[in-house]
Participant: 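Structure below; questions to follow.
These numbers come from the heavy atoms of this one structure, side chains and all, not from hydrogens, waters or symmetry mates. Order of the sequence lines fixes the chain letters, A, B, ..., with proteins taken first and strands second; residue numbering starts at 1 for each chain.
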Amino acid sequence: MPELPEVETVRRGLLPVLEGRRLTQVRQLRPDLRFPLPLDFVPRLEGRRVEQISRRGKFLLLHLDSQEVLLIHLGMSGRILLIDDPANSPLLPHDHVVWRTEEGREVRFNDARRFGFMDIVPAGELETCKALANLGPEPLGNAFNGPVLAAALRGRNSSIKAALLDQRVVAGLGNIYVCEALYHARLSPRRLARTVQGQRAERLAAAIRDVLRQAIAAGGSSLRDYVQTSGELGYFQHAWAVYGREGAACPDCSCGGPPHGGIVRIVQSGRSTFFCAQRQR
DNA sequence: ACGAGAACCTGTTTGC
DNA sequence: TGCAAACAGGTTCTCG
């Protein structure tokens, strides 16, 4: 579920509940998620005030008044659930961490597959901590553009699809938005990454930004309709051009759909890729 | 050193 | 209908 737009949507949903609020009670229901949690996970959080909630790539960052930061990665199936009435809301299967605020509300981290993880690091070490140190530029930040992307792809012998999934190249893309961005940039997912230079890199950087911006806008609109920050995909899933649309006609070319054209599914490094072989070169 | 594939988990969907 | 296989939005480790 969670690529950059979904994590950003969760962040915005958490703001009214957590930002500026004190964590009066923290419950840790198991010792580990994907990795072991810090042994003093609960005491380092309990009683702390959340001063700010930010995001870096796919990481949620809760900045605490103890000058520490709680890092949360949702992995594949991680969800953040907002509970207004904890007394009448029993724990669900796979609820792993529960934060209660002084207002009596709860925020729960639920993750069936447990690919998600958390850590607590001193604020001063945030940029250099293991989780964030190797992340590439924020695609929606000022430091990301065609030349920067081209430089990151230079010399790369993998497919452009695999390169964009590498968080060191650019932070926050996952399988869905890589497919979508390559479609909008008219680049084949099989193209060698190092051949994406100049105008092609310019087109791709622009496509990445456009796709992410639109997805965030769609996720944001769904938040107004749902009480819970469930982490579900927002309306943007209805706007996918290629992802999950194997066999459909390409929405923006005259390939005419199957059997001679349309969206095809291939497997690259073990993961599904969707694209239009006519439009993407 | 680099890139592809396996591994890590559990739930849901697909196909025989 | 029932069961097994395939598949899922991510990251990290191993192996060639």
Participant: For DNA chain C, whose closest nucleotide is more 5', that of A:G270 or that of A:F59?
Facilitator: A:G270

Participant: In whole Å, measure the gap between the P atoms of C:dT1 and B:dG11 for me.
Facilitator: 24 Å

Participant: Within a reach of under 6.0 Å around CG of A:D85, are more than 12 heavy atoms found that belong to other residues, nucleotides or ligands?
Facilitator: yes

Participant: With a 4.5 Å limit on heavy-atom distance, are the side chains of A:L192 and A:S159 in contact?
Facilitator: no

Participant: Is the side chain of A:R245 donor-acceptor paired with the backbone N or O of A:A241 at a distance under 3.5 Å, no angle test?
Facilitator: yes

Participant: Hey, are A:R22 and A:D65 close enough for a salt bridge, meaning a charged N less than 4.0 Å from a carboxylate O?
Facilitator: yes

Participant: OP1 or OP2 of B:dG5 less than 4.0 angstrom from a side-chain nitrogen or oxygen of A:R271, does that happen here?
Facilitator: no

Participant: Just how far, in rounded Å, is C1' of B:dT10 from CZ of A:R30?
Facilitator: 12 Å

Participant: Starting from P on B:dT10, measure out to CG on A:D111 and report it in whole angstrom.
Facilitator: 11 Å

Participant: Taking the basic N atoms (NZ, or NE/NH1/NH2) and the acidic carboxylate oxygens, is any pair closer than 4.0 Å for A:R21 and A:E102?
Facilitator: no

Participant: Within the pair A:S272 and C:dA8, is there a side-chain N or O less than 4.0 Å away from OP1 or OP2?
Facilitator: yes

Participant: Sticking with atom P, work out how far C:dT14 lies from B:dC9, rounded to a whole angstrom.
Facilitator: 15 Å

Participant: Side-chain N or O of A:H94 less than 4.0 angstrom from OP1 or OP2 on B:dT10?
Facilitator: no

Participant: Could you pull out every donor-acceptor pair under 3.5 Å between side chains of residues 205-212 of chain A and any protein atom, sequence neighbours left out?
Facilitator:
from, atom 1, to, atom 2, distance (Å)
A:R209, NH1, A:G141, O, 3.2
A:R209, NH1, A:F144, O, 2.8

Participant: Any ion pair linking A:D166 and A:R156 (charged N to carboxylate O, less than 4.0 Å)?
Facilitator: yes

Participant: To the nearest Å, give me how far apart CG (A:L74) and P (C:dT11) are.
Facilitator: 10 Å

Participant: Any base atoms under 4.0 Å from A:Q268, or only sugar-phosphate, or nothing? Heavy atoms, all strands.
Facilitator: nothing

Participant: Can you tell me how far P of B:dT14 sits from CD of A:E246, to the nearest Å?
Facilitator: 12 Å

Participant: Give the rounded distance in Å between these two atoms: CD1 of A:I176 and P of C:dC7.
Facilitator: 17 Å

Participant: Does the distance from a Lys or Arg side-chain N to an Asp or Glu carboxylate O, for A:R30 and A:D32, drop under 4.0 Å?
Facilitator: yes

Participant: Please set out all donor-acceptor pairs under 3.5 angstrom arising from side-chain atoms of residues 53-64 of chain A, sequence neighbours excluded.
Facilitator:
from, atom 1, to, atom 2, distance (Å)
A:S54, OG, A:H63, NE2, 2.7
A:R55, NE, A:E8, OE1, 2.8
A:R55, NH1, A:G57, O, 3.0
A:R55, NH1, A:E138, OE1, 3.0
A:R55, NH2, A:E138, OE1, 3.4
A:R56, NH1, A:G136, O, 3.1
A:R56, NH1, A:E138, OE2, 3.0
A:R56, NH2, A:L135, O, 3.3
A:R56, NH2, A:G136, O, 2.8
A:K58, NZ, A:L173, O, 2.9

Participant: So which protein N/O to nucleotides 12-14 of chain C N/O distances come out below 3.5 Å?
Facilitator:
from, atom 1, to, atom 2, distance (Å)
C:dT12, O4', A:R34, NH2, 3.3

Participant: With rounding to whole Å, what would you report as the distance between B:dA1 and C:dT11 at their P atoms?
Facilitator: 23 Å

Participant: Which heavy atom of A:L71 sits nearest to which heavy atom of A:C129, and what is that distance?
Facilitator: CD2-SG, 4.0 Å

Participant: Figure out the CZ/P separation between A:R113 and C:dT11, and round it to whole Å.
Facilitator: 13 Å

Participant: Using a strict 4.0 Å threshold on nitrogen-to-oxygen distance, state whether A:E103 and A:R105 make a salt bridge.
Facilitator: no

Participant: Looking at A:R114 and B:dC9, is any side-chain donor or acceptor paired with a base atom of the opposite kind under 3.5 Å?
Facilitator: no

Participant: Has A:F115 got its ring stacked on the base of C:dT11, with centres under 5.5 Å and planes less than 30° apart?
Facilitator: no

Participant: Within 45° of the six-membered ring axis of A:F109 and under 6.0 Å from that ring's centre, is NZ or CZ of A:R79 located there?
Facilitator: no

Participant: Using a 3.5 Å limit on both distances, find every run of at least three consecutive Watson-Crick or G-U pairs that involves DNA chain C.
Facilitator: B:2-8 with C:10-16, B:10-16 with C:2-8

Participant: Would you please name every residue forming a salt bridge (charged side-chain N to carboxylate O under 4.0 Å, His left out) with A:R154, sequence neighbours left out?
Facilitator: none

Participant: Given atom NZ of A:K58 and atom C1' of C:dG10, what is their separation to the nearest angstrom?
Facilitator: 6 Å

Participant: What are the atom names and distances for every N/O pair under 3.5 Å that joins the protein to nucleotides 2-4 of chain B?
Facilitator:
from, atom 1, to, atom 2, distance (Å)
B:dG3, OP1, A:N157, N, 3.0

Participant: How many whole angstroms separate atom CZ of A:R56 from atom P of C:dT11?
Facilitator: 13 Å

